Amino acid sequence: MAAFLDGRNGLAARLAGQLLARCRELTTIVRDLEAEVTTLINRLVPALLSPSSRTLQGLAPSEARTMTERLNP
């Protein structure tokens with residue numbers, strides 16, 4: 001898209017360029033947040049899966065396994 005917009009003039013090209021830049025910014029933000037959330041979840045999973053945990057009462061072993069597999073593919 002950037003290559004397509006390169007050298008184009010006018011309002012539409014300028015707006016498209018601004019939107020493209022904003023999409024790039026948001027993609028970076030989302031990736032950073034995803035990494036942060038993944039780190040937090042990986043830190044919490046052992047406590048959530050421990051037998052003495054009261055965080056998720058009633059969590060069946062199969063559900064715990066499924067959750068762990070989804071978090072750590």
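In this text, all values refer to a predicted model and were calculated from it rather than measured experimentally.
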| note | Connected to Leu15, directly or through other members, by ILVMFWY side-chain contacts below 4.5 Å are Leu11

| query | Which residues, ordered by chain and number, are linked to Val30 in its hydrophobic cluster, where ILVMFWY side chains connect at heavy-atom gaps below 4.5 Å, directly or through other members? | reply | none

| Which residue pairs satisfy the salt bridge (charged side-chain N to carboxylate O under 4.0 Å, His left out) criterion with at least one member in residues 28-37, sequence neighbours excluded? | none

| request: With rounding to the nearest 0.5 Å, note down the distance linking CG in Asn9 to CZ in Arg14. | output: 10.5 Å

| request: For Arg22, enumerate each residue passing the salt bridge (charged side-chain N to carboxylate O under 4.0 Å, His left out) test, keeping only those at least two apart in sequence or located in another chain. | output: Glu25

